[in-house]
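Accompanying notes for the structure given below.
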Amino acid sequence: MIFEQLSSLEHEQVVFCHDKETGLKAIIAIHNTVLGPALGGTRIWKYNNEEAALNDVLRLSRGMTYKSAISGIHLGGGKAVIIDSEGLQKGEAFWRRYGRFVNSLNGKYYTAEDVGTSTRIMEYIAQETKFVAGKPDYLGGSGDPSPVTAYGVYLGMKAAVKYKYGSDKLTGKTVAVQGAGHVGQYLIDHLVKEGAKVTICDINEQNISLVTDKHSSVKVVAPNDIYDLDAQIYAPCALGATLNDDSIARMKFEVVAGAANNQLADEVKHGQILRERGVVYAPDFLINAGGVCNVYTEVSPSGYHKGLAMSLTEQIYDRTLEILHLADAENIGVQQAAMKLAQARIDSIAKMKARM
Ligand code: NAD
């Protein structure tokens, strides 16, 4: 069963890590290392069961392969999940034990932040391994990747808007932002600054207040009402799989561009339905790559370079337009078009390596 999944998604290696003393249960998935070491964040989450944790890490690590490949950076795809539970003590020893597991892979996998982890946690991990990125500034790290991710999402959204409406101006456009967390808040800053009319939802009241205290023009709806909004643009910045049979049937959005990973519940089917409905979808792994571009410069031999991270992120605008046009020319979904380009890069390097 597990090997069937690995074979269909084409993973290279999956490592199960267990430590009785700290209660650590982690899964590290290395999807593809053709372009470089596998890099992807560590997510800690209360999964319903172990199968859900495995599915999550397999999907997310595969997404990282395509994200790095399409972004032109020299990294492969990997990801790790840690199974959280009620009462689990997640202190320094817990994270350093996890760091030792990362270290045991000898650089085949680099970790970084994801949902539930932070630069402080990366600092603990860094005590046990050098194969960690997203460390705090004072350790020579790149810090929180969210502002750079949000900037890339903003540029990807502008490109999708240009494709749909002929101009990339967001002034007066109505945008529904689902999730006002780390990335969502920075994205909202860009949108409000450009004069977009923003409505948000979140399950966390504190995050909603952080936004509405700063921007009095921002409106709020209940989480479940976001799909019924009369808005032009939908920016999913919370969870994956929010583009599904139910949500698509309800939505009137004309453009989808957000930060969440794996937005399409079914990559082919839901991409196709959006296309048939004339909705311009900016592929998630393409436009949310600012964060990985940021940490990429941190793990490169010359060390963190903000200028390089920003210029890699700025390429998201042109690449989004290029892929939207390619999808049209080839009459395929944008997700397929983006994956096709990413796969072509991986295949060409794999072929080159095989000749050596
Ligand atoms: P976060 O945890 O800081 O923010 C997520 C927000 O979504 C939280 O405020 C949470 O309360 C809210 N939320 C959760 N469930 C919700 C629901 N049902 N309805 C509405 N809101 C809900 O995470 P983040 O770092 O901002 O990342 C957001 C998304 O972008 C995630 O899917 C993440 O994997 C993806 N992503 C993040 C980065 C990054 O640099 N942080 C990079 C690439 C992709």
Side-chain angles (χ1 to χ4, degrees), residues 39-46 56-57 59-64 66-68 70-71 73 75 77 79-81 84 111-119 121-122 133-134 141-157 176-190 199-212 220-229 234-244 246-247 256-265 282-296 298 309 312-313 316:
L39 183 144
T42 297
R43 174 171 295 194
I44 180 157
W45 192 254
K46 285 183 182 131
D56 205 27
V57 79
R59 266 167 69 91
L60 290 165
S61 53
R62 177 173 174 266
M64 289 307 298
Y66 290 111
K67 190 183 300 199
S68 290
I70 197 84
S71 303
I73 57 179
L75 289 174
K79 199 88 180 180
V81 298
D84 200 359
T111 199
E113 287 107 328
D114 195 65
V115 176
T117 53
S118 60
T119 49
I121 288 173
M122 296 308 122
S142 57
D144 177 11
S146 308
V148 190
T149 301
Y151 184 54
V153 171
Y154 166 68
L155 295 177
M157 182 186 290
V177 181
Q178 180 181 45
H182 287 98
V183 181
Q185 288 178 31
Y186 288 109
L187 176 65
I188 293 161
D189 290 345
H190 288 296
T199 302
I200 64 167
C201 75
D202 202 297
I203 52 170
N204 179 331
E205 289 297 326
Q206 218 177 342
N207 283 352
I208 290 180
S209 300
L210 282 172
V211 173
T212 50
V220 181
V221 292
N224 195 38
D225 294 342
I226 197 93
Y227 303 115
D228 305 313
L229 274 184
Y234 168 48
C237 296
L239 321 159
T242 61
L243 297 168
N244 51 49
D246 172 58
S247 65
V256 178
N261 286 308
N262 301 329
Q263 291 166 26
L264 295 164
D284 46 15
F285 69 88
L286 166 65
I287 73 166
N288 72 12
V292 78
C293 291
N294 202 46
V295 293
Y296 164 65
E298 182 181 340
L312 286 167
T313 303
I316 288 174

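The first residue of the sequence shown is numbered 1, and numbering continues consecutively from there. Computation of the quantities below employed the complete heavy-atom set of this structure, encompassing side-chain atoms and omitting hydrogens, waters and symmetry-equivalent molecules. Just follow the structure's listing: the first ligand is 1, and inside any ligand the first atom is 1. On a predicted model such as this, the values are computed, not experimentally measured, just so you know.
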### Summary
Residue set satisfying side chain to side chain contact (heavy atoms under 4.5 Å, CB included) with V256, at least two apart, ordered chain then number -> Y234, P236, L243, Q263, V279, Y281
### Message
Quick check for you: to the nearest 0.5 Å, what is the distance between H182 atom NE2 and L187 atom CG?
### Response
14.5 Å
### Task
Mind listing the closest non-hydrogen atom pair of G290 and V148 along with its distance?
O-CG1, 3.5 Å
### Query
Who pairs with S247 by side chain to side chain contact (heavy atoms under 4.5 Å, CB included), at least two apart in sequence or on another chain?
Y227, N244, M251
### Task
Would you please write out the protein residues whose heavy atoms approach any atom of ligand 1 to under 4.0 angstrom, listed by chain and number?
R43, K67, D114, P145, S146, T149, G179, A180, G181, H182, V183, C201, D202, I203, N204, N207, P223, C237, A238, L239, A259, A260, N261, N288
### Task
Please list, chain by chain and in numerical order, all residues satisfying side chain to side chain donor-acceptor pair (under 3.5 Å) with N204, sequence neighbours excluded.
none
### Query
Among N288, D114, D284, D56, which residue meets the side-chain hydrogen bond (donor to acceptor under 3.5 Å, both in side chains) test with N261?
N288
